[in-house]
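A short write-up of the structure that comes next.
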Amino acid sequence: MATNDNNKFQAVIAHAKEYGFVFPSSEIYDGLSAVYDYGPWGSELKKNIRDYWWKSMTQLHENIVGIDAAIFMHPTTWKASGHVDNFSDPMIDNKDSKKRYRVDHLIEAHAETLSGEAAAALLASMDRLLSVDDFAGLKKLIEDNKIKCAISGTGNWTDIRQFNLMFKTEFGAVASENEGDNMVYLRPETAQGIFVNFLNVQKTARMKIPFGIAQTGKAFRNEIVARQFIFRMREFEQMEMQFFVRPGTEGEWYKYWKQARLQWHLSLGMPAEKYRYHDHVKLAHYAKEACDIEFEFPIGFKEVEGIHSRSDYDLSQHQLYSKKKLQYYDNDIDEATGKPYGNYVPYVVETSIGLDRMFLSVLSHAYEEETIPREDGSSDSRTVLRIPAKIAPVKLAILPLTKKDGLPEIARDIMRSCQDEFYCFYEEKDTIGKRYRRMDAIGTPLCITVDHQTKEDNTVTIRYRDTMTQERLPIDKVVALVKEKIR
RNA sequence: GCGGAAAUAGCUCAGUUGGCAGAGCAUCAGUUUCCCAAACUGAAGGCCGCGGGUUCGAAUCCCGUUUUCCGCUCCA
């Protein structure tokens, strides 16, 4: 990675904070690691990206509907999904080799080198300690048996720690004697809220396969290492769509959505050369095919969105754990047999995009420090956010050239006629040039200026962010022109 | 989690034999100018990240801690 790009990333972060896009969480208390708040313009931009995605999924697809599931879910959900079992193992690090081991794997590997009787005794001790989460006892067991790291050959271990990516909290106001009883998780992904509602949605919205369920919402992961600004946060927002298909057709739908999702990014005006696919070679246990859509951030190509062919894994698991059928009766005629396809558990193709990552991709692509030659030969600089107009936080700034001569009154009238249509910003302080540059810095695509000529012929100057050019326009054409530019 | 670096006004930073906390820009009030950030006057803004220690005295030296960035590690 070039140093320039690294500097650019720093600049984007600094700009995001200075101009009210993203702040560190609870900053007056020194912040909270890997948690961020969205400021005035950041929350507008984030909302605009979310709305654009939501509309493209639901309003523009007759066979996709939305839901808004709760963050809290029945704890068994996460047993069924595999999140509880796969991500709560106690781990230990060797300080010399920096290698991290699962404690049970480490001890089991050592047991294999022992005689049958000694091995059995060791494993019995391990199981007893594991069952009561006695980490100090487990570490003592490792030390007493002089278990060494295979790489460094030393017994220089850290304390044993439990890594669990899921946040837990207490459910209900009364503490239970048995600690686990009232425990719920904050969802580590939004997908399960869709799967458990599969039949509710299918029946009430009378959906026929193939169909999709879309959802946006917060998810929480207690990442071991969460860094790189809003790229990896402990609390983040996903935009997900689970598409339910007849088994056997998942391959073609996977291809369809892989292509369609990249097209969505490009439709925002993001440049094609900054995107690429990354096909997964190593697949998760449930996946048939999977790929990421990667975007070239200043820190390199990174995942923005994932497209996964998840088979019937999730619905089947919920069937198993809930003992409720999650099947669909398909009335379409199977040409091979001449009969309906009948009952089956649908297969799922998932598209899952990180809203915060999308936000970061838009912001880092939009950010530009320009050098502008001046007439006298010197040069000037401006910082501009070339945010696509349709998702820009502020669409139009309305600026009276001076504070006198009735110009603010005319500008206020225009403001009133526009602010119901799109987000407008009114300002009369400072010179017109400064106000233009401030609007550039938050990515406002259009500014209009009310000047003395306005009083004579009812025209205003409209100035474009990207080209810095301007032209005259009758006041009564302003709304229509802006609406056209932000489509 | 390990290793490295950093933290002083909203921003960018200056501030060493340890001795009164500073500049530019930005902000706010007013004046002036007015079509691309650069005029004038005034004001506000700081437990020098936080907590200890050394010292007559600490932004400065020492220890700890938090946060951020970089490399490694992890990432269903």
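Since the model is a prediction, treat every value here as computed from it, not as a measurement. In what follows, chains are A, B, ... by sequence order, proteins preceding strands, each numbered from 1.
Nearest to the side-chain atoms of A:Ser33 among the listed nucleotides B:rC11, B:rC36, B:rU68 stands B:rU68. Here B:rU27 is the nucleotide among B:rC11, B:rA38, B:rU27 with the atom lying nearest to any side-chain atom of A:Arg438. In the set B:rC11, B:rA38, B:rC36, the nucleotide with an atom closest to the side chain of A:Lys434 is B:rA38.
Taking a pair to require two hydrogen-bonding distances under 3.5 Å in either a Watson-Crick or a G-U wobble arrangement, B:rU65 pairs with B:rG49. Across the strands present, B:rA59 finds no partner; the criterion is a Watson-Crick or G-U wobble pair with both atom distances under 3.5 angstrom. Base pairing of B:rG22 is made with B:rC13, judged by Watson-Crick or G-U wobble geometry with both donor-acceptor distances under 3.5 Å. Under the Watson-Crick and G-U wobble criteria, each requiring two contacts below 3.5 Å, nucleotide B:rC34 is left unpaired. Nucleotide B:rC74: unpaired (no Watson-Crick or G-U wobble partner with both distances less than 3.5 Å). The pairing partner recorded for B:rA29 is B:rU41, the criterion being a Watson-Crick or G-U wobble arrangement whose two distances lie under 3.5 angstrom.
Within the structure, every side-chain polar atom (N or O) of A:Thr402 is placed at least 4.0 Å from both OP1 and OP2 of B:rU33. In terms of phosphate contacts, A:Arg234 brings no side-chain nitrogen or oxygen within less than 4.0 Å of OP1 or OP2 of B:rC75.
Interface remark: the A:Arg232 side chain does form a donor-acceptor pair with the B:rC75 base, using a distance-only criterion of under 3.5 Å. A donor-acceptor contact under 3.5 Å is formed by the side chain of A:Arg463 with the base of B:rC36.
Residues A:Asn197 and A:Ala69 share a closest heavy-atom pair of ND2-CB, 4.4 Å.
Nucleic acid contact class of A:Gln228 (heavy atoms, under 4.0 Å, all strands): sugar-phosphate only. Residue contacts shown for A:Gln470 include a base, since a base heavy atom lies under 4.0 Å away.
Taking the ring centroids of A:Phe301 and A:Tyr275, they lie at or beyond the 6.0 Å cut-off.
Between A:Lys258 and A:Glu289, no side-chain nitrogen of the basic residue sits less than 4.0 Å from a carboxylate oxygen of the acidic one, so the salt-bridge criterion is not met.
Looking at which nucleotide of RNA chain B each of A:Asp440 and A:Leu32 is closest to, the 5′-most match is held by A:Asp440. A residue-by-residue look at A:Arg472 and A:Lys429 shows that A:Lys429 has its nearest nucleotide of RNA chain B further toward the 5' end.
Shown here is A:Tyr464, whose OH atom has more than 12 heavy atoms of other residues, nucleotides or ligands within 6.0 Å. Annotation for A:Asp68: atom CG does not count as buried by contact number, only 12 or fewer foreign heavy atoms lying within 6.0 Å.
At whole-Å resolution of the value, CD in A:Gln10 and P in B:rC11 are 15 Å apart. To the nearest angstrom, P of B:rC75 lies 22 Å from CG of A:Asp356. If you take CD of A:Glu27 and P of B:rC50, they are 14 Å apart, rounded to a whole angstrom. For the pair A:His452 NE2 and B:rU33 P, the interatomic distance rounds to 11 Å; values are reported in whole Å. Rounded to whole angstrom, the span from the CG atom of A:Leu446 across to the P atom of B:rC36 amounts to 18 Å. Separating the CD atom of A:Glu428 from the C1' atom of B:rG30 is a distance of 14 Å, rounded to the nearest angstrom. With rounding to whole Å, A:Tyr436 atom OH is found 7 Å from B:rC36 atom C1'.
Across the P atoms, B:rC13 and B:rA7 are found 10 Å apart, a figure rounded to whole Å.
Each of A:Arg310, A:Gln215, A:Glu350, A:Gln192 was evaluated against A:Gln242; a single residue qualifies, A:Glu350, per the side-chain hydrogen bond (donor to acceptor under 3.5 Å, both in side chains) test.
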